[in-house]
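Single-structure report; data block below.
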Amino acid sequence: EAQVTQNPRYLITVTGKKLTVTCSQNMNHEYMSWYRQDPGLGLRQIYYSMNVEVTDKGDVPEGYKVSRKEKRNFPLILESPSPNQTSLYFCASSLLGQGNYGYTFGSGTRLTVV
Amino acid sequence: GDSVTQMEGPVTLSEEACLTINCTYTATGYPSLFWYVQYPGEGLQLLLKATKADDKGSNKGFEATYRKETTSFHLEKGSVQVSDSAVYFCALHTGFQKLVFGTGTRLLVSP
């Protein structure tokens, strides 16, 4: 089944403790992206990647890092999480140049930073 | 920059009522337009899309028409069901490889 898999689904952590949220897709998509969803703000793009070793900032990149060492994986790294990063996070992917046909989203990761 | 504005919710309806959720956009160029749906506790699913002016997207009884003259993409359904209760997001895709989302509209359908 074609899908985007995120792990974990739920995570509670403390301020300053580094964490990684994993994202993997099995559709051979070049394009991958991370979004965060907050009430009243919709979804905002954090980072995106056009292909292996090619990443760029989205609208709200502060406090986040990403890497794209393999085509299928696009982890989101919070080196020193803070409470304002408490949010619902989604990973998405598409074929490059085919985003106008829609993205495939993961099921989401609900992160709470205390 | 590109943006999407959609009506605030929640929208509360009785089963079999008609639904309209308004969505307008601002974009340079000719974006593709989408409606995504998020059921409770789940991720986003593509509901329907339209890639050019006057196109009508449809799925599961929902419809939306790409209106370039009014920069709108309103979501409609003639008879909603309890199972349609969800959050609906209007979005556009720009040539810069990015989906821009509205803030979402929660729909609550009661029996």
Side-chain angles (χ1 to χ4, degrees), chain A residues 1-7 9-10 21 23 25 27 29-51 54-61 68 74 87-110, chain B residues 1-10 21 23-27 29-53 55 57-59 62 64 66 73 86-106:
Chain A
E1 181 189 350
Q3 59 186 358
V4 175
T5 303
Q6 293 179 229
N7 280 296
R9 288 291 307 274
Y10 301 92
V21 183
C23 173
Q25 49 90 8
M27 296 164 282
H29 286 170
E30 297 91 358
Y31 179 87
M32 297 184 76
S33 182
W34 277 102
Y35 286 82
R36 61 177 286 173
Q37 181 184 356
D38 300 291
L41 297 175
L43 281 84
R44 295 175 293 167
Q45 190 182 54
I46 303 170
Y47 268 94
Y48 65 95
S49 170
M50 300 274 207
N51 215 325
V54 180
T55 64
D56 210 344
K57 297 177 181 178
D59 297 317
V60 287
R68 187 89 183 274
F74 190 46
S87 187
L88 180 57
Y89 291 86
F90 288 103
C91 182
S93 73
S94 78
L95 287 169
L96 196 64
Q98 299 292 316
N100 55 315
Y101 293 102
Y103 293 3
T104 302
F105 281 83
S107 298
T109 296
R110 185 167 292 282
Chain B
D2 298 336
S3 66
V4 174
T5 302
Q6 60 183 108
M7 60 191 291
E8 288 193 27
I21 300 178
C23 171
T24 57
Y25 67 90
T26 302
Y30 303 97
S32 294
L33 301 174
F34 304 87
W35 278 100
Y36 281 85
V37 59
Q38 184 179 32
Y39 297 105
E42 298 185 14
L44 278 79
Q45 300 176 24
L46 178 62
L47 180 61
L48 54 83
K49 66 178 183 289
T51 58
K52 62 183 188 297
D55 269 2
S58 60
N59 187 23
F62 290 90
Y66 189 144
F73 193 56
V87 180
Y88 293 82
F89 290 94
C90 185
L92 64 84
H93 183 264
T94 74
F96 298 99
Q97 292 288 320
K98 186 166 89 168
L99 268 179
V100 177
F101 286 88
T103 53
T105 302
R106 182 176 300 277

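Quick note on labels: first sequence line is chain A, next is B, and so on, each numbered from 1.
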Note to self: For A:Tyr47, give me all partners under ring pair (Phe, Tyr, Trp, His ring centres under 6.0 Å), at least two apart in sequence or on another chain.
What the structure shows: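 Checked A:Tyr47 against ring pair (Phe, Tyr, Trp, His ring centres under 6.0 Å); zero matches.
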Notebook entry, point to check: Excluding sequence neighbours, so at least two apart, what forms ring pair (Phe, Tyr, Trp, His ring centres under 6.0 Å) with A:Phe90?
Noted result: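 A:Phe90: no ring pair (Phe, Tyr, Trp, His ring centres under 6.0 Å) contacts found.
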Check: Of the non-hydrogen atoms in A:Leu43 and B:Phe89, which two are nearest, and what is the gap between them?
Finding: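 In this case the closest contact between A:Leu43 and B:Phe89 is CD1-CE2, 3.6 Å.
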Which atoms of [X] come close to chain B, meaning under 4.5 Å heavy atom to heavy atom: side chain ones, backbone ones, both, or neither?
X: A:Arg9; answer: side chain
X: A:Gln6; answer: neither
X: A:Leu41; answer: backbone
X: A:Asp59; answer: side chain

Considering residues, nucleotides and ligands other than [X], do more than 12 of their heavy atoms fall under 6.0 Å from its [atom1]?
X: B:Tyr39; atom1: OH; value: yes
X: B:Glu42; atom1: CD; value: yes
X: A:Arg44; atom1: CZ; value: yes

Item checked: Which portion of B:Leu46 sits near chain A, non-hydrogen atoms under 4.5 angstrom ->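 For B:Leu46, the side chain is the part near chain A, not the backbone.
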Checklist line | Proximity breakdown for B:Gln38 and chain A, heavy-atom pairs closer than 4.5 Å | finding: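 For B:Gln38, side-chain heavy atoms alone lie under 4.5 Å from chain A.
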Next item on the list: For each of A:Pro39, A:Gly42, A:Gly106, tally heavy-atom pairs with chain B at distances under 4.5 Å, and name the one with the top tally.
Entry: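 Among the listed options, the one with the most contacts to chain B is A:Gly42.
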Check: Which one, A:Ser33, A:Gly108, A:Ser107, leads in non-hydrogen pairs under 4.5 Å with chain B?
Finding: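 Sorted descending by pairs with chain B, the first entry is A:Ser107.
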Check: How long is the span from the CG atom in B:Leu99 to the OH atom in A:Tyr35, to the nearest 0.5 Å?
Finding: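 That separation rounds to 4.5 Å.
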Check: Do the side chains of B:Phe34 and A:Tyr103 get nearer than 4.5 Å, heavy atoms only?
Finding: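 Answer no - side chains too far apart.
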